[in-house]
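Remarks on the structure that follows.
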Amino acid sequence: KVWIATSQGLCVLSNNVFHVIGVTNGLPSDLVRTLYLDEEGQLWVGTGRGLAVQFEGRWIQFSSRLGRLPDDTISQIIEDQRGNFWVGSN
C-alpha cells in the first residue's frame, strides 16, 4: 500500500486503485498534514484537527477537545528509541 497525505483526505493506493479516507471514515479532518508508520505497523495520521491512529480496523482519535493534545494542528509525528511518540503542533 501507498499512503498519501492530501488536503482532501488520506489517499491509499492499493492494487492500482485509489481510495480516500476522511472524516466520514473516522479521521478528525480531511486535511491530512503528516503520516507516520510505527514499528508495530500502525499508521498514525496528523491532521488539521487532531491525531488518529489506525488500530484493529478503526481510527482512534486524539485531540485538544478530548484533553489529549495541547493543539490540534499536527505537523510532525516521530518515535524515539524508547518507543515514546513526539508530536509537533502549532
Side-chain angles (χ1 to χ4, degrees):
K1 290 183 181 178
V2 177
W3 304 92
I4 304 166
T6 76
S7 61
Q8 304 298 309
L10 175 61
C11 291
V12 183
L13 177 61
S14 179
N15 298 320
N16 293 323
V17 177
F18 273 106
H19 302 279
V20 179
I21 298 170
V23 172
T24 58
N25 307 101
L27 291 182
S29 170
D30 288 333
L31 174 58
V32 178
R33 298 172 50 97
T34 188
L35 303 172
Y36 180 74
L37 190 64
D38 71 19
E39 290 190 16
E40 295 179 6
Q42 294 176 317
L43 182 66
W44 294 79
V45 180
T47 76
R49 299 190 80 192
L51 179 67
V53 61
Q54 190 178 42
F55 183 73
E56 295 182 357
R58 66 184 193 100
W59 292 99
I60 299 171
Q61 295 186 19
F62 302 87
S63 71
S64 63
R65 295 178 314 281
L66 300 172
R68 297 179 178 169
L69 294 174
D71 187 88
D72 288 334
T73 304
I74 308 302
S75 57
Q76 190 172 7
I77 307 163
I78 60 172
E79 184 177 9
D80 66 21
Q81 293 175 349
R82 294 182 181 168
N84 298 308
F85 285 90
W86 297 85
V87 178
S89 65
N90 282 351

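These values consider heavy atoms only, across backbone and side chains, with no hydrogens, waters or symmetry-generated copies.
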- [ ] Name the orientation class of the two ring planes belonging to Phe85 and Trp44 (parallel below 30°, tilted from 30 to 60°, perpendicular beyond 60°).
- [x] tilted
For the atom pair [atom1] ([X]) and [atom2] ([Y]), what is the distance rounded to the nearest 0.5 Å?
{"X": "Leu43", "Y": "Tyr36", "atom1": "CG", "atom2": "OH", "answer": "11.0 Å"}
{"X": "Glu40", "Y": "Glu79", "atom1": "CD", "atom2": "CD", "answer": "7.5 Å"}
{"X": "Ser29", "Y": "Leu51", "atom1": "OG", "atom2": "CG", "answer": "12.5 Å"}
{"X": "Thr34", "Y": "Ile77", "atom1": "OG1", "atom2": "CD1", "answer": "5.0 Å"}
{"X": "Asn90", "Y": "Asp72", "atom1": "CG", "atom2": "CG", "answer": "10.0 Å"}
{"X": "Gln76", "Y": "Ile78", "atom1": "CD", "atom2": "CD1", "answer": "5.5 Å"}

[X] to [Y] - nearest heavy-atom pair and separation:
{"X": "Gly48", "Y": "Thr73", "value": "O-OG1, 3.7 Å"}
{"X": "Asp80", "Y": "Arg82", "value": "OD1-N, 2.9 Å"}
{"X": "Arg33", "Y": "Ser75", "value": "NH2-CB, 3.6 Å"}
{"X": "Arg49", "Y": "Ser63", "value": "O-CB, 4.1 Å"}
{"X": "Ala5", "Y": "Val32", "value": "CB-CG1, 3.4 Å"}

Task: Check: Trp59/Asn25 side-chain N/O donor and acceptor closer than 3.5 Å - done: no
Under a 4.5 Å cut-off applied to non-hydrogen side-chain atoms, are [X] and [Y] in contact?
{"X": "Leu69", "Y": "Ile74", "answer": "yes"}
{"X": "Thr6", "Y": "Val20", "answer": "no"}
{"X": "Trp86", "Y": "Asn84", "answer": "yes"}

State plainly whether one hydrophobic cluster holds both [X] and [Y], where clusters connect Ile, Leu, Val, Met, Phe, Trp and Tyr through side-chain heavy atoms under 4.5 angstrom apart.
{"X": "Leu37", "Y": "Val87", "result": "no"}
{"X": "Val12", "Y": "Leu35", "result": "yes"}
{"X": "Leu27", "Y": "Ile4", "result": "no"}

